[in-house]
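Structure first, commentary second.
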Amino acid sequence: MQARQITYSDDQAEAHDRVADLLRGAGVDIEAGELTPASEGKSRVLAIIGKAGSGKTLLLSELYKALAEMGVEVVSGDWEGRAKKDRRTLAILAPTNKAASVLRAHGVPATTIHRILYTPVYDPEYEQFAEWLAAGGTGTRPEIEGLTEAAMERALSFFKQTKSVFGALATAGLRGSDFITGWKRRDDGLDIGFVDESSMLDERQLEDLREIFPTLVLFGDPAQLAPVGQSGEMVFDSLPEGRKFSLSRIHRQARDNPILDLAHALGDESLDFKGFERLVAEAARADERVVMAPRVDADMMARSPVLVWRNKTRIRLIHAFRSVHGAPEHELLPGEPLICDGIELPLKHRKKRIDLEARGLIKGAQCVYLGPGRKPGFSRLHVMAAEEPQVSAASIIKIERPDEDEPFIPFAARMGAAFLHGAAVTIHKAQGSQWGEVQVFAPDLSAAAWAGRVEAGIPLWKRLAYVAITRAEHRLHWVTRYALARPRQPLSTDDLQGAPSTLALTSQSEHDHA
């Protein structure tokens, strides 16, 4: 096999060798370019950990390319053809839509964990079309009523570029509700799993993944915040030393980034909050990618939430955002941001829960309100970073208000997807996401520093600051005061494209109970 033209640092090269050894033991020899059938045995787990800028994404990307070139089949979660005997498979996973979209922007076909745990059931007619696409357009072209040859060719061209059956069918003018009849829990195992942002995983999710993947490679950042309820520990902390490898070098392109420079400065044990804020101010004077902002930018909040520590700060900023946009007290304006807070359905509607989660409405998903749906209690939504983003779903939308125990609920089905307002979010909820520009509410981090809290031996304010500033891909706004600038433009949905598809939580006969 021809060697890839990539120059690794010493620690990246060693990490690559560790993963190669793990895969060789599973019958996938990257160095020799040889595949052998998967064998039964104990599950294998390896963690590659490192701070932002240490090269985890580059390593994951190059490993994916090497496996794909060898003929390992990449499973994306949107379509799986008939299983071939002795096939070897790879799935690249992330806990959230946003985290998966960050990898996709780097050319890595990532999907969410939910989309692998649950698989779509296709209408038989469109299943033939999906098989034809997956075969690269070879064989007899299926005849689908309402689809022209031109539409099919358009879909085929799109599939060859992206390997996404969902996207290809959408290009042909179809919606998910046209070709998917439901979702089911995966009942067959896969092979190799690469999991990014694994610091967000809890023990139950890891166990679910180990049931499906006999070989797992976790990529994670040990400086982030651990999942709530895990006492500051991450799932890879409990792995034996031989199953963890740390990337310690920060690469040239990272050192040229003032945001990552600030992130790594937090590793200095002698640095206090005031000293760190001085570093932020120095970076802002030297580089336009860091901004010392005297107030929150209301326009930015519509698509990139302000990151805060305390819930009371979050609620006050949301109230201020809605006030400056003139939002009516008891209804939403199109363009207002929302965060999915989970699915509120009884056990008998487990299939409906799977349907919603598989299409992107998982806890923490960022959405934009488009308007009321056709049925009472339904809302039209754009799910950010989802492969099929625009949906209509039964919704329970809760808008919290300062100094009030109960939120007001502008839209409410009796059961469905629950939402909180998304103009501001806690730093915990922001993990796994990235935005081009991010506002960090510094008075909250100052309060955390003043409180003196420590998590896993590290001052909490430092963990919060590290996670918050590394959510910024291009520019960091360090907000210094409790103040909100008036918006320069009204709320809009013009930046969101795509036709909505309906996520019916109930059948027509059940509608009266929804």
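Numbering starts at 1 and runs along the sequence shown. What you see below is based on every heavy atom in this structure, not just the backbone, and it leaves out hydrogens, waters and symmetry mates.
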Does any N or O in the side chain of [X] come within less than 3.5 Å of the main-chain N or O of [Y], such that one atom is a donor and the other an acceptor?
X: K244; Y: D237; answer: yes
X: R186; Y: I116; answer: yes
X: R88; Y: M70; answer: no
X: H106; Y: V108; answer: no
X: D287; Y: A284; answer: no
X: D299; Y: R488; answer: yes
X: R295; Y: A485; answer: no
X: R463; Y: E455; answer: yes
X: Q12; Y: L247; answer: no
X: T112; Y: R115; answer: yes

Please examine the side chains of [Y] and [X], heavy atoms only from C-beta on, and report whether any two atoms are closer than 4.5 Å.
X: L307; Y: F441; value: no
X: Y64; Y: V74; value: yes
X: L361; Y: V383; value: yes
X: F419; Y: S379; value: no

What heavy-atom pair brings [X] and [Y] nearest, and what distance separates the two atoms?
X: E400; Y: L420; value: OE1-CD2, 3.9 Å
X: R104; Y: A110; value: NH1-O, 3.1 Å
X: A327; Y: L333; value: CA-CD1, 3.8 Å

(message) Could you work out, with side chain to side chain contact (heavy atoms under 4.5 Å, CB included) as the rule, every residue matching S433, not counting sequence neighbours?
(response) K98, Q366, W435

(request) For A13, enumerate each residue passing the side chain to side chain contact (heavy atoms under 4.5 Å, CB included) test, keeping only those at least two apart in sequence or located in another chain. (result) Y8

Listed partners of [X] passing side-chain hydrogen bond (donor to acceptor under 3.5 Å, both in side chains), at least two apart:
X: R453; result: none
X: N311; result: R314
X: R471; result: none

(request) Give the intermediate values and the outcome of side chain to side chain donor-acceptor pair (under 3.5 Å) for residues D221 and S199. (result) CA-CA 6 Å; D221 186 337; S199 57; over 6 Å; no

(message) Please verify the inter-ring angle class for F194 with F219; under 30° counts as parallel, over 60° as perpendicular, anything in between as tilted.
(response) perpendicular

(message) Using salt bridge (charged side-chain N to carboxylate O under 4.0 Å, His left out), reason through R18 and D21 one step at a time and then give a plain yes or no.
(response) CA-CA 5 Å; R18 291 284 191 96; D21 286 343; over 6 Å; no

(request) With sequence neighbours left out, write down each residue that passes salt bridge (charged side-chain N to carboxylate O under 4.0 Å, His left out) with E336, or none if nothing qualifies. (result) R322

(request) Establish, from distance only, whether the side-chain atoms of E277 and W478 form a donor-acceptor pair under 3.5 Å. (result) yes

(message) Ignoring hydrogens and geometry beyond distance, is a side-chain donor-acceptor pair present between H477 and E437 at under 3.5 Å?
(response) yes

